[in-house]
Trainee: 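Before we start, here is the structure in question, set down as structure tokens.
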Amino acid sequence: VSEEVRSAVAGGKPVVALESAIITHGMPSPHNLITAMQLEKIIREKGCTPATVGLIRGKLTVGLTVAQLYLLADPYINKYKISTRDLPYASVKQLNGGTTVSATLLACRLAGIDVFVTGGIGGVHKSAIPGAPTWDVSADLVELGHSFGVAVVCSGIKSILDIPASLEYLETQGTCLASRVDPSKKVYFPDFFTRSSSVVATSYITDPEDAAQMILHAKELGLRQGLVFAVPIPEKEEPAGAKIKKAIEEAVDMANSTSVSGKDVTPFVLSEVLRKTEGRSLTANSALIRNNAAVGVDVALELSRLK
């Protein structure tokens with residue numbers, strides 16, 4: 001843990017964590033580094049300490065330096081996508097890598113960070129055969145089942161996944177889910193690139209204080225689960241959503257018809273979607289995660305005040 005992050009946590013100051021798989025595998029160069037720097041800037045300018053998490057030469061690092069961000073963003077250096085299952089091996093082999101939501105949640109729990117911002121979380125993958133069950137479930141969902149009050153601010157489940165099945169899995173885990181919405185309208189869980197999915201949200205928040213109080217109550221009750229606050233993509237970015245979703249469906253079908261599997265599915269699909277949408281998916285992705293960072297900062301500030 002960097003001295004800056006350690007000092008902020010010890011002093012009860014607001015800290016917002018960020019994952020780094022988006023740098024190593026989620027966006028092409030140089031957009032990956034630009035976005036990473038923008039997110040840290042948003043967090044700092046609003047009065048919080050950013051804590052980007054990554055694996056540097058085998059060490060799970062909380063609070064990456066600028067040099068370490070450049071390292072993970074460099075397209076000419078070998079980097080690995082690091083989930084919780086990969087940590088022992090990657091540590092022994094002293095690998096560099098971007099941490100997924102699951103590994104970043106673990107790092108937050110170990111470092112004492114309560115708020116974590118990302119674009120979207122993993123979930124249950126769609127089956128290649130309609131109606132058939134799948135065992136391809138992201139470790140993100142499992143880790144959310146025992147992250148002990150760490151809150152993830154995101155735009156929901158990644159659009160390439162089975163959103164209803166993912167939400168059912170989180171319900172089984174006992175993970176608290178809340179959508180950030182206008183309560184005067186019917187509340188739907190967001191669909192990453194579009195503001196509404198077909199799934200009605202079971203709960204909602206309207207302001208950062210609601211979210212901060214939920215985190216505090218979860219900790220007071222000793223709940224072992226984490227929380228998910230789902231923030232819809234900004235309205236001005238939504239018009240491209242329908243075209244992006246069509247490209248996602250085509251890319252998923254392509255992945256299912258090839259030998260792509262496991263952790264390679266998401267990077268493959270994202271790359272294909274980027275190509276098919278001529279960059280529109282990247283623009284929308286960058287916009288939603290910047291918006292999530294702004295919301296996450298507000299939650300962290302309110303949480304610090306309430307403590």
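Values below: all heavy atoms of this structure, side chains included; hydrogens, waters and symmetry mates excluded. Nothing fancy with the numbering, it's 1 onward along the sequence.
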Trainee: Where is the tightest heavy-atom contact between Val269 and Ala255, given as atom of each residue plus distance?
Mentor: CG2-CB, 4.3 Å
Trainee: Can you tell me how far the CD1 atom of Ile42 sits from the CD atom of Gln38, to the nearest 0.5 Å?
Mentor: 6.5 Å
Trainee: Nearest 0.5 Å, please: how far is CD in Glu19 from CD1 in Ile289?
Mentor: 6.0 Å
Trainee: Check step by step if salt bridge (charged side-chain N to carboxylate O under 4.0 Å, His left out) holds for Lys219 and Asp114.
Mentor: CA-CA 10 Å; Lys219 289 183 177 293; Asp114 296 323; 3.0 Å; yes
Trainee: Is there side-chain contact between Tyr188 and Val199, with at least one heavy-atom pair below 4.5 Å?
Mentor: no
Trainee: Please test Leu223 against Phe148 for side-chain contact (heavy atoms from CB on, under 4.5 Å), starting from the C-alpha separation and ending with a verdict.
Mentor: CA-CA 6 Å; Leu223 298 181; Phe148 293 88; over 6 Å; no
Trainee: Are Glu238 and Phe193 packed together at the side-chain level, in the sense that at least one heavy-atom pair is separated by less than 4.5 angstrom?
Mentor: no
Trainee: Quick check: do Asn78 and Asn96 have side-chain heavy atoms less than 4.5 Å from each other?
Mentor: no
Trainee: Atom CG of Leu227 and atom OG of Ser147: how far apart are they, to the nearest 0.5 Å?
Mentor: 7.5 Å
Trainee: Given salt bridge (charged side-chain N to carboxylate O under 4.0 Å, His left out), test Glu4 with Arg44 step by step and report yes or no.
Mentor: CA-CA 12 Å; Glu4 180 188 23; Arg44 286 192 189 281; 2.7 Å; yes
Trainee: For Arg85, does the CZ atom sit with more than 12 other heavy atoms under 6.0 Å from it, leaving out its own atoms?
Mentor: no
Trainee: Within a 6.0 Å radius of atom OH on Tyr70, are there more than 12 heavy atoms belonging to other residues, nucleotides or ligands?
Mentor: no
Trainee: Let me confirm one number: the CZ-OG distance from Phe192 to Ser197, rounded to the nearest 0.5 Å.
Mentor: 13.5 Å
Trainee: When you compare the side chain of Val5 with that of Ile113, does any pair of heavy atoms fall below 4.5 Å?
Mentor: yes
Trainee: How long is the straight-line distance from CD of Gln68 back to NZ of Lys59, given to the nearest 0.5 Å?
Mentor: 10.5 Å
Trainee: Which pair of heavy atoms, one from Gly120 and one from Val101, lies closest together, and at what distance?
Mentor: O-CG2, 4.1 Å
Trainee: Do the non-hydrogen side-chain atoms of Pro14 and Val297 ever get within less than 4.5 Å of each other?
Mentor: no
Trainee: Is there a salt bridge (charged side-chain N to carboxylate O under 4.0 Å, His left out) between Lys245 and Asp191 once you walk through the steps?
Mentor: CA-CA 10 Å; Lys245 287 186 71 174; Asp191 190 6; 2.6 Å; yes
Trainee: More than 12 foreign heavy atoms under 6.0 Å from NZ of Lys13: is that the case here?
Mentor: no
Trainee: Check step by step if side-chain contact (heavy atoms from CB on, under 4.5 Å) holds for Leu33 and Ile23.
Mentor: CA-CA 7 Å; Leu33 180 61; Ile23 302 172; 5.8 Å; no
Trainee: Answer yes or no: is there a side-chain heavy-atom contact under 4.5 Å between Leu18 and Val53?
Mentor: no
Trainee: Could you tell me whether the side chains of Thr118 and Asn292 share a donor-acceptor contact shorter than 3.5 Å?
Mentor: no
Trainee: Any carboxylate oxygen within less than 4.0 angstrom of a Lys/Arg side-chain nitrogen, looking at Lys246 and Glu249?
Mentor: no
Trainee: Considering only NZ, NE, NH1 and NH2 on the basic side and carboxylate oxygens on the acidic side, decide whether Asp298 and Lys46 come within less than 4.0 Å.
Mentor: yes
Trainee: Any idea which heavy atoms bring Pro234 and Ala287 closest together, and the distance?
Mentor: CG-O, 4.2 Å
Trainee: Side chains of Ile121 and Lys158, heavy atoms from C-beta outward: is any pair under 4.5 Å?
Mentor: no
Trainee: Less than 3.5 Å apart, any donor N or O on the side chain of Ser20 or Thr52 sitting next to an acceptor on the other?
Mentor: no
Trainee: Taking atom CG of Asp210 and atom CD1 of Ile205, what is their separation to the nearest 0.5 Å?
Mentor: 6.5 Å
Trainee: Are Val115 and Ile215 side-chain neighbours, meaning at least one heavy-atom pair lies under 4.5 Å?
Mentor: yes
Trainee: If every non-hydrogen atom of Glu272 is compared with every non-hydrogen atom of Ala251, which pair is closest and at what distance?
Mentor: CB-CB, 3.7 Å
Trainee: If you apply the rule side-chain contact (heavy atoms from CB on, under 4.5 Å), what do you find for Gln225 with Leu144, and how did you get there?
Mentor: CA-CA 6 Å; Gln225 296 86 354; Leu144 276 164; over 6 Å; no
